[in-house]
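Data first, discussion second: the structure below is written as structure tokens.
Below, all heavy atoms of this structure are taken into account, side chains as well, without hydrogens, waters or symmetry copies.
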Amino acid sequence: MDRSSEIAAFLRTRRARVSPESAGLAPDGRVRRVPGLRREEAARLAGVSTEYYTRLEQGRAGHPSPEVVDALARALRLDAAEREHLTNLLARPGGRRAPVSPQRVRQGLHLMLQTLDHVPAFIIGRRTDVLASNHLARAVLTDFEALPVQRRNLARYYLLDPEARERTGDWEQIAAETVAMLRLEAGRCPQDRRLADLIGELTLKSPEFSTWWNDHRVLRRSHGTMHYRHSLVGDLYFSYESLQPPGDDNQTLCVYIPEPGSATTESLRILSSWTTTPRPAGSDEAATP
């Protein structure tokens, strides 16, 4: 990503969401040619000069202090993920692109996935790569572990696999949220060549990707609801929780939890009886570049 362009687009789209009225600014009688706040209004709310804010939005203001970043976040009403993204964009650029070591899932986490054999569970890593999954996750979503290692990716599944559109009840929302997760990752790891290649592939092959990508939305998905349709057992409804295991903040354990006693719980029991025996844990195939 071009850092200056990313800063400019992110700040511009964020201030476009904030109306002067909601920010407590009195009408000045001038015709508004842009949605949301003007640059001078955003600067006033953040307690910086218009000149400085303009240089910030153009990526020419160097590396602002944490206090300035906090003031901008408050003025533009950024949530936690957006604040993190802004901090990443305004951080001092890193040096030469370093090779990224393969990600591997600890043996204990593999065993945890198999222990959670009554619910779908999987682990994602950098770039939304799917590092490991249990047999119900493979049955409800897709069998990631049957794919070549380079294709085991949640964003690629939702955006490029036609089956995902059929299986995912709220496909448009989930796919857009996954793009927002990639945007946050891109701000955190701007020199990740494999991430850049994935974004390029999605841009070329997904009709919707560019629209969502250009919204500059960012998201850290921690919990919520999911709805899937399965050809054998019908509709499946879950609450999900995403947790980062201690010791590796680049891996996330995702667990889909049905309501106790619900039709989904019974459908999972049936689906589990029809699926194959879980694969052995600890396979080298769990590693992704």
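For Thr128, the side-chain hydrogen bond (donor to acceptor under 3.5 Å, both in side chains) partners two or more places apart in sequence, or in a different chain, are Asn153. Taking Tyr158 as the reference, Tyr228 meet the side-chain hydrogen bond (donor to acceptor under 3.5 Å, both in side chains) condition, with sequence neighbours excluded. Every side chain to side chain contact (heavy atoms under 4.5 Å, CB included) that Ala73 has, sequence neighbours left out, goes to Leu78, Arg83.
Of the possible donor and acceptor atoms, none in the side chain of Ser206 sits under 3.5 Å from a partner among the backbone N and O of Thr203. One N or O on the side chain of Ser273 and one on the backbone of Ile270 form a donor-acceptor pair closer than 3.5 Å. Ser272 places no side-chain N or O within 3.5 Å of a backbone atom of Leu268 that could act as its donor or acceptor partner. Here the side chain of Arg156 pairs a donor or acceptor atom with the backbone of Gln150 at under 3.5 angstrom. Put simply, the side chain of Glu145 gets close to the backbone of Ser133: a donor and an acceptor are under 3.5 Å apart. In this structure, Arg77 contributes its side chain and Val18 its backbone to no donor-acceptor pair below 3.5 Å. Arg3 contributes a side-chain N or O that, together with a main-chain N or O of Leu89, makes up a donor-acceptor pair within less than 3.5 Å. Distance alone, capped at 3.5 Å, is enough to place a donor-acceptor pair between the Asp161 side chain and the Glu163 backbone. Side chain of Gln103 to main chain of Arg126: a donor-acceptor pair is present (N/O by atom type, distance under 3.5 Å, no hydrogens or angles). Side-chain N or O atoms of Glu41 include one that pairs as donor or acceptor with a backbone N or O of Arg38 at under 3.5 Å.
Taking the six-membered ring for Trp, Tyr157 and Phe144 have ring centres closer than 6.0 Å. Taking the six-membered ring for Trp and the full ring otherwise, Phe10 and His85 have centroids separated by under 6.0 Å.
The number of heavy atoms from other shown groups lying within 6.0 Å of CE (Met112) does not exceed 12. Other residues, nucleotides and ligands contribute only 12 or fewer heavy atoms inside 6.0 Å of the CZ atom of Arg151.
For the pair Leu131/Ile124, no side-chain contact is recorded, criterion being any heavy-atom separation below 4.5 Å from C-beta on. In this structure, the side chains of Leu154 and Leu141 come closer than 4.5 Å at one or more pairs of heavy atoms. Residues Phe209 and Val179 are in side-chain contact: their nearest non-hydrogen atoms beyond the backbone lie under 4.5 Å apart. Residues Val68 and Leu90 fail the side-chain proximity criterion, which asks for heavy atoms closer than 4.5 Å. Contact annotation: the side chain of Leu136 never approaches that of Leu116 to less than 4.5 Å [non-hydrogen atoms, C-beta and beyond]. Glu241 places a side-chain heavy atom less than 4.5 Å from the side chain of His223. Counting heavy atoms from C-beta outward, Thr178 and Arg221 have side chains that approach closer than 4.5 Å. Counting heavy atoms from C-beta on, the side chains of Leu25 and Glu21 never come closer than 4.5 Å.
Across Gln244, Arg127, Arg188, a single residue satisfies side-chain hydrogen bond (donor to acceptor under 3.5 Å, both in side chains) together with Asn250, and that is Arg188. When each of Glu84, Glu177, Glu185 is checked for a salt bridge (charged side-chain N to carboxylate O under 4.0 Å, His left out) with Arg220, only Glu84 meets the rule.
Between Thr264 and Pro258, the shortest heavy-atom contact is CG2-CB, 3.6 Å.
In this structure, Tyr237 and His227 have parallel ring planes: the angle between them is below the 30° cut-off, well short of the 60° mark.
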| request: Show the numbers, then the answer: is there a side chain to side chain donor-acceptor pair (under 3.5 Å) between Glu51 and Ser49? | output: CA-CA 5 Å; Glu51 179 186 2; Ser49 70; 5.1 Å; no
| query | Given the rule in the side-chain contact (heavy atoms from CB on, under 4.5 Å) test, do Thr252 and Ile123 qualify, once you have shown the distances and angles that lead to the verdict? | reply | CA-CA 5 Å; Thr252 302; Ile123 295 173; over 6 Å; no
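Asp143 CG to Arg152 CZ: the interatomic distance, rounded to the nearest 0.5 Å, is 9.0 Å.
Comment: Arg30 engages Glu40 in a salt bridge, judged by a side-chain N to carboxylate O separation of less than 4.0 angstrom.
Between Thr54 and Arg60, the side chains place no donor N or O within less than 3.5 Å of an acceptor N or O (distance only, hydrogens not considered).
By the 6.0 Å and 45° rule, Arg183 stacks over the aromatic ring of Trp213.
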